[in-house]
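A quick write-up on the structure given underneath.
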Amino acid sequence: MRTTRTLRTALLTAAIAGLAATALPTAPAAAAPAAPKFLSAGQWPASLTPWTAGPVHKGLPEDGSFCTAGTTPAQGTRHRDFRTELDTGARQTITVAPTTAKAKALAAELRTALATCLERMKAQDPGIEGVSRYHGRVNVEEGAHVYSIDTSYPEVGSTDIGLHSVGRDGRTVTVLEWGQLGDLDGAPLKGFRKTTGTAVAKLH
């Protein structure tokens, strides 16, 4: 008899506990993390004519950068192009990696790709001349690094200057590309470093 009462008491207690658990409000599902933010047109170095920002696109651009081609994965990547009315253009690419370790590895691969870009350009086109420089680290989040690639075609007398940077905030890696006709002396290197710091700081 005592065993029966004990069993009934246990069953009743379990039933009440189950009802109480059912009555508890369900915790809301965790919100998806906000997508990283892109630069606005006005955050690029000042130009003779205003910058215009294009839409944000998923994946890699169809006309990808020669320097970083084959390095950045399409998965988790978005990009945005910017232009002026003159011969100046820019692009920001943002990639969210599955893990922080993979983001760190991607940033390192991108830095290597930029550091060796001029040599690969010359191998593909022996008529090109140029100088590649590393312009140091920008202290923002996990860090950013700035490069310049100054190229010319002596046979036709054209010169081009490109500024590039790679920065990381946790699992997110961003690449900035800026280019125009001319050489490094006419490029806004100081302003580009500031833009790089802004780009990484506003990702999240």
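As the structure is a computational prediction, the values presented were derived from the model and not from experiment.
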[X] (side chain) donor-acceptor with [Y] (main chain) under 3.5 angstrom:
X: R193; Y: R137; result: yes
X: T172; Y: R168; result: no
X: T88; Y: Q180; result: no
X: S65; Y: C67; result: yes
X: K202; Y: F38; result: yes
X: T195; Y: Q43; result: yes
X: R120; Y: K122; result: no
X: H145; Y: S165; result: no
X: R91; Y: W178; result: no
X: T95; Y: A97; result: no

Working to the nearest 0.5 Å, report the span between [atom1] of [X] and [atom2] of [Y].
X: D150; Y: R133; atom1: CG; atom2: CZ; answer: 6.5 Å
X: T77; Y: I94; atom1: OG1; atom2: CD1; answer: 9.5 Å
X: L163; Y: L184; atom1: CG; atom2: CG; answer: 7.0 Å
X: L48; Y: T84; atom1: CG; atom2: OG1; answer: 8.0 Å
X: S47; Y: R83; atom1: OG; atom2: CZ; answer: 12.0 Å
X: T100; Y: E142; atom1: OG1; atom2: CD; answer: 8.0 Å

**Request:** Before giving the answer on side chain to side chain contact (heavy atoms under 4.5 Å, CB included), spell out for T174 and L203 the whole-Å C-alpha distance, their side-chain angles and the decisive distance to 0.1 Å.
**Result:** CA-CA 8 Å; T174 189; L203 287 172; 4.1 Å; yes
**Item:** Minimum side-chain heavy-atom gap L189-V146 below 4.5 Å
**Value:** yes
Give me the atom names and distance for the closest heavy-atom approach of [X] to [Y].
X: W44; Y: E177; answer: CH2-O, 3.9 Å
X: A199; Y: L176; answer: CB-CD1, 3.9 Å
X: P45; Y: G191; answer: CG-C, 3.6 Å
X: T71; Y: A113; answer: OG1-CB, 4.0 Å
X: H135; Y: S148; answer: NE2-OG, 2.7 Å
X: S132; Y: L114; answer: OG-O, 4.4 Å

**Item:** Qualifying residues under side chain to side chain contact (heavy atoms under 4.5 Å, CB included), relative to V140, sequence neighbours excluded
**Value:**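 Only V138, A144, V200, A201 meet the side chain to side chain contact (heavy atoms under 4.5 Å, CB included) criterion with V140.
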**Request:** Mind running side-chain hydrogen bond (donor to acceptor under 3.5 Å, both in side chains) on E129 and T151 for me, showing each step along the way?
**Result:** CA-CA 6 Å; E129 294 182 0; T151 57; over 6 Å; no
So with a 6.0 Å cut-off around [atom1] of [X], is the heavy-atom count from everything else above 12?
X: K104; atom1: NZ; result: no
X: R78; atom1: CZ; result: yes
X: E119; atom1: CD; result: yes

**Message:** Working note: I149 + V131, criterion side chain to side chain contact (heavy atoms under 4.5 Å, CB included); need CA distance, chi angles, decisive distance, verdict.
**Reply:** CA-CA 6 Å; I149 303 175; V131 177; over 6 Å; no
**Message:** Assigning hydrophobic clusters by single linkage (Ile, Leu, Val, Met, Phe, Trp, Tyr; side-chain heavy-atom cutoff under 4.5 Å), is I161 placed with L118?
**Reply:**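 Different clusters: I161 never reaches L118 through Ile, Leu, Val, Met, Phe, Trp or Tyr contacts under 4.5 Å.
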**Asked** Are I128 and V156 co-members of a hydrophobic cluster defined by side-chain heavy atoms under 4.5 Å apart?
**Response** yes
**Request:** For F192 and K194, run side chain to side chain contact (heavy atoms under 4.5 Å, CB included): C-alpha distance rounded to whole Å, both residues' side-chain angles, the deciding distance at 0.1 Å, then the answer.
**Result:** CA-CA 5 Å; F192 184 76; K194 181 179 179 181; over 6 Å; no
**Request:** Give a yes-or-no answer on whether the side chains of D160 and Y153 include a donor-acceptor pair shorter than 3.5 Å.
**Result:**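 On atom types as modelled, these side chains do not qualify, holding no pair under 3.5 Å.
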**Request:** Output all residues satisfying ring-ring contact (aromatic ring centres under 6.0 Å, His included) with Y147, sequence neighbours left out; order by chain, then residue number.
**Result:**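 Once residues adjacent in sequence are excluded, the partners of Y147 under the ring-ring contact (aromatic ring centres under 6.0 Å, His included) criterion are Y134.
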